A.B. asks: 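Pasting in a structure now, in structure tokens, and then I'll have a few things to ask.
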Amino acid sequence: MKKEKEKKLIAVSLPYANGEAHIGHIAGAYLPADIYHRFSILTGEDSIFISGTDMHGTGVVLSAEKEGIDPYVFSQKHHEKFKEIFGKLDIKFDMYSNTQSDIHIETVHDFFLDLYKSKYIKIREEEQPYCEYDNRFIPDRYVEGICPVCNDKNAKVSESCDVCSTLIQFDTIIEPRCKICGNTPILKKTKNFFLELELLEKEIRNYIDKKNNFRKNVKEFSLEYIKNGLNPRSITRDMKYGVSIPIKGFEEKIIYVWFEALIGYISATKELKQNHWIDYWRNNSKSIFFMAKDNIVFHSIILPFILLANNNKLNLPYQIVANENLLLEGEKMSKSKNHFMLAKDALSRYGKDNLRFYIAANLPEKKDFNFKEEELINLVNTTLSSNIGNYINRTLTFLYKNFDGSINKFESNDDEDYIKNIFKSINIELSEFRIKSAVHKIIEFSDYANKRFDTLKIWENKNIKNMYILIQYVYALGILLSPIIPESSEKILSILNKKNEGFYYTPYFGKINKPYIIFPKIELI
RNA sequence: CGUGGGGUGGAGCAGUGGUAGCUCAUCAGGCUCAUAACCUGAAGGUCGUUGGUUCGAAUCCAACCCCCGCAACCA
């Protein structure tokens, strides 16, 4: 009996179509996910990597209006931009979809109806701010006015006052006005669908409690969120733009983004695997979600709720990898302060693999990552170029000049054991989502290789057996680097005339091509 | 105020009970195959503060201070 291979779903939180990807997105979610996925594939796992653009929501509508274009056009434009930048950064999805695909809408409808029938979704009536001038319901925070306690002029409903921390309510805010048009909004009754989260509170708490492989931030955050119990949460909105509600009488409303977008993971799996999608969500399968930490509760509470309430016996998230924040030159990024770096600008300024390497070596896994150009340049020039790159170059050049580029198989047990152990240890780091630590172990490895070059004194003895030893390190580096900087890794391996067959080491011998410098230093003004 | 994360040599970080480590920068030596790259050695820290537990604490407990974030349809 052949045991069925475990299937792995690797997903990244859906980027929102209300802006372009910046370096925070890349460091917080997309790059670590890509590295992990590449690693998974190389270890022979049946692993798929999915995401897609989150196309809906008020943010998109308002931004589109500002630009004077249709929200569909606006969101499509950003969808294309996300696709483009991910492609350019070698973030290689098996499926990068968006939440306007037919399959997504159909999937959302299926889930919605299913949950409605089983009473996990119910209709409730509530009062919502309504702007009679704009003729539409507006989100709480778009109602601005004066704080009743301290008279601060920048108060927004449902938020704490920036000055005195009072929670601002619609009935207490002074001179409320609509953020969009400036007129005074009113409260108006409306019926909405609610996710009855409290029904599965016990199950969800139990799930989180038992999850010992969650990072501290994920577990603590989720438990804190659920501590005082879960409440019904509205999942529909009075808007035109979004996924429609598949029930008669609600044509004026749509399904709220945060509910619908989570189902995007399932739609994307369907789009990729058609009828086999469920194999990645059920039975012998594991799902792993990468995101920045502000998305934690959606994945640790809401998504589990949807999966539990659905009657397909879907697995709950196996792992939720949430990262801390990225700071730019010591400060939070801010569009309004023009303190900001788009991914595409970083890419053209630093180059793909330099950027990937720097970010990977500093991922905000446990604490914030302070992105500093000076440090990027330093790391690229001293570590990637002088340490790793120079080792590869000095070894390849020596082999090419002195041995005609050919090497036969020899015995070198100590070094081969050392290399195998490195693979073992880096394998563990990557399996347990410690990518930053894996990168540092690769650097250590390269450091050791340089020491070997010196102790073997090959420039004196020109011993072919020593040459054999040294070239093993080059080959190992080529493979070790492949999840992190795939393009450079390919360059190394192609000089060696090797293909990357997996994340493991086998002795290298053969004939190499003419070497060239793979990691040049960078100089920036 | 509440809550999540963090505070370790000049900079960036690792280290969850047993003589404080790594990378960069600095200084001194060595080498010369290589991208003025590489190697060796030195200097540099009372591990935010105070108190406690322990034979022993960066590591556990308590209180406090500071930084970043969240409570918003901003990653």
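Residue numbers start from 1 in every chain, and the chains themselves are labelled A, B, ... in the order their sequence lines are given, proteins ahead of strands. On a predicted model such as this, the values are computed, not experimentally measured, just so you know.
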A.B. asks: Could you give the distance separating B:U23 and B:G9 at their C1' atoms, to the nearest angstrom?
C.D. replies: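 Each nucleotide's C1' atom is 13 Å from the other's.
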A.B. asks: Would you please indicate if the ring centroids of A:Tyr358 and A:Phe371 are separated by under 6.0 Å?
C.D. replies: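 Yes, ring centres under 6.0 Å apart.
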A.B. asks: Step through the shown structure and confirm whether more than 12 heavy atoms of other residues, nucleotides or ligands are within 6.0 Å of NZ on A:Lys211.
C.D. replies: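 Result for NZ/A:Lys211: enclosed.
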A.B. asks: Name the nucleic acid region contacted by A:Ile517, choosing base, sugar-phosphate or nothing; use a 4.0 angstrom heavy-atom cut-off, strictly under.
C.D. replies: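 Base contact - A:Ile517 has a heavy atom under 4.0 Å of at least one base atom.
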A.B. asks: Inspect the surroundings of NZ in A:Lys511 and state if more than 12 heavy atoms from other residues, nucleotides or ligands are less than 6.0 Å away.
C.D. replies: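 Atom NZ in A:Lys511 is packed in, count exceeds 12.
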A.B. asks: Go through the N and O atoms of the side chain of A:Asn390 and the base of B:A34, and report whether any donor-acceptor pair is under 3.5 Å.
C.D. replies: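 By the distance-only test, yes, there is a pair.
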A.B. asks: Within the structure shown, what part of the strands sits under 4.0 Å from A:Tyr225 by heavy-atom distance: base, sugar-phosphate, or nothing?
C.D. replies: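 It contacts nothing in the nucleic acid.
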A.B. asks: How many whole angstroms separate atom CD1 of A:Ile296 from atom P of B:A71?
C.D. replies: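 Taking CD1 of A:Ile296 and P of B:A71, I get 12 Å after rounding.
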A.B. asks: For RNA chain B, produce a single dot-bracket line, 5' to 3'. Pairs: Watson-Crick or G-U wobble, both distances under 3.5 Å. Symbols: ( ) within strand, [ ] crossing, | other strand, . unpaired.
C.D. replies: .(((((((.[[[[.)..(..]]]].(((((.......))))).....[[[[[..)....]]]]])))))).....
A.B. asks: Just do the side-chain hydrogen bond (donor to acceptor under 3.5 Å, both in side chains) check on A:Tyr400 and A:Asn513 with the steps written out, would you?
C.D. replies: CA-CA 8 Å; A:Tyr400 195 74; A:Asn513 296 310; over 6 Å; no
A.B. asks: Along nucleotides 2-15 of chain B, 5' to 3', which nucleotides get a B, which get an S, and which get a -, given that the test is a protein heavy-atom distance under 4.0 Å?
C.D. replies: -SBSSS---SSSSS
A.B. asks: Say you pick atom P in B:G21 and the same atom in B:U16; how far apart are they, in whole Å?
C.D. replies: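 The answer is 15 Å between these two P atoms.
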A.B. asks: Is there, by distance only and without an angle test, a donor paired with an acceptor across the side chain of A:Ser385 and the base of B:U35 below 3.5 Å?
C.D. replies: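 Answer yes: a donor N or O sits under 3.5 Å from an acceptor.
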A.B. asks: Flag as yes if A:Trp459 stacks onto the base of B:C33 (centroids under 5.5 Å, planes under 30°), otherwise no.
C.D. replies: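 Taking the rule of under 5.5 Å and under 30°, the ring of A:Trp459 does stack on B:C33.
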A.B. asks: Between A:Glu260 and A:Arg237, is there a side-chain N and carboxylate O pair less than 4.0 Å apart?
C.D. replies: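 Salt bridge absent between A:Glu260 and A:Arg237.
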A.B. asks: Mind checking the C1' distance from B:G44 to B:U49? Whole angstroms is fine.
C.D. replies: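 Going atom to atom, C1' in each nucleotide, I get 23 Å.
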A.B. asks: Considering only atom P, compute the distance from B:G41 to B:C1 and round it to an integer number of Å.
C.D. replies: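 The answer is 50 Å between these two P atoms.
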A.B. asks: In whole angstrom, give me the gap between the C1' atoms of B:A25 and B:C13.
C.D. replies: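 Looking at atom C1' only, B:A25 and B:C13 are 15 Å apart.
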A.B. asks: In terms of ring plane angle, is the pair A:His25 and A:Tyr30 parallel, tilted or perpendicular, where the classes change at 30° and 60°?
C.D. replies: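 Correct class here is tilted.
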A.B. asks: Are A:Arg434 and A:Glu432 ion-paired here, with the side-chain N under 4.0 Å from a carboxylate O?
C.D. replies: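 Yes.
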A.B. asks: NZ of A:Lys83: more than 12 outside heavy atoms within 6.0 angstrom?
C.D. replies: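 12 or below, so no.
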A.B. asks: Do NZ/NE/NH1/NH2 and the carboxylate oxygens of A:Lys293 and A:Glu324 come within less than 4.0 Å?
C.D. replies: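 Judged by the 4.0 Å cut-off on N to carboxylate O distance, A:Lys293 and A:Glu324 do form a salt bridge.
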A.B. asks: With heavy atoms under 4.0 Å as the rule, sort A:Gly28 into base, sugar-phosphate or nothing.
C.D. replies: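 The answer is nothing, as A:Gly28 stays clear of every strand by at least 4.0 Å.
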A.B. asks: Could you tell me how far B:C38 sits from B:C24 if I compare only their P atoms? Round to whole Å.
C.D. replies: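 8 Å, rounded to whole Å.
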A.B. asks: Once you apply a heavy-atom cut-off of 4.0 Å, does A:Thr58 come out as touching a base, just sugar-phosphate, or nothing?
C.D. replies: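 Base contact.
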A.B. asks: Check the angle between the aromatic planes of A:Phe86 and A:Phe82 and answer parallel, tilted or perpendicular using the 30° and 60° thresholds.
C.D. replies: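 Parallel: the ring planes of A:Phe86 and A:Phe82 meet at under 30°.
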A.B. asks: With the side chain counted from C-beta on, respond yes when A:Tyr96 and A:Pro15 share a heavy-atom pair under 4.5 Å apart, and no when they do not.
C.D. replies: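 Yes, at least one pair of side-chain atoms sits under 4.5 Å.
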A.B. asks: Can you check whether A:Tyr265 and A:Phe289 have ring centres sitting under 6.0 Å from each other?
C.D. replies: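 Ring centres of A:Phe289 and A:Tyr265 closer than 6.0 Å.
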A.B. asks: Using a heavy-atom cut-off of 4.0 Å across all strands, would you classify A:Phe453 as base, sugar-phosphate, or nothing?
C.D. replies: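 Base contact.
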A.B. asks: Please classify the nucleic acid contact of A:His22 as base, sugar-phosphate, or nothing, using heavy-atom distances under 4.0 Å.
C.D. replies: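 Base contact.
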A.B. asks: Expressed in whole Å, how much space separates the C1' atoms belonging to B:U8 and B:A57?
C.D. replies: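 14 Å, rounded to whole Å.
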A.B. asks: Describe, in one word, how the ring planes of A:Trp258 and A:Phe298 are oriented to each other, choosing from parallel (under 30°), tilted (30 to 60°) and perpendicular (over 60°).
C.D. replies: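 Rings of A:Trp258 and A:Phe298: tilted, as their planes differ by 30° to 60°.
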A.B. asks: Atom NE2 of A:His25 to atom C1' of B:C74: distance rounded to whole Å?
C.D. replies: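 After rounding, the gap between these two atoms is 9 Å.
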A.B. asks: Restricting both atoms to N or O, compile the protein contacts to nucleotides 20-25 of chain B shorter than 3.5 Å, with distance only.
C.D. replies:
| from | atom 1 | to | atom 2 | distance (Å) |
| --- | --- | --- | --- | --- |
| B:C24 | O2' | A:Asn378 | OD1 | 3.3 |
| B:C24 | O2' | A:Asn378 | ND2 | 2.6 |

A.B. asks: Base, sugar-phosphate or nothing for A:Asn393? Non-hydrogen atoms, less than 4.0 Å.
C.D. replies: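 A:Asn393: base contact, heavy atoms under 4.0 Å.
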A.B. asks: Using the C1' atom on both, measure B:C65 against B:U26 and round to a whole Å.
C.D. replies: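 Roughly 32 Å separates the two C1' atoms.
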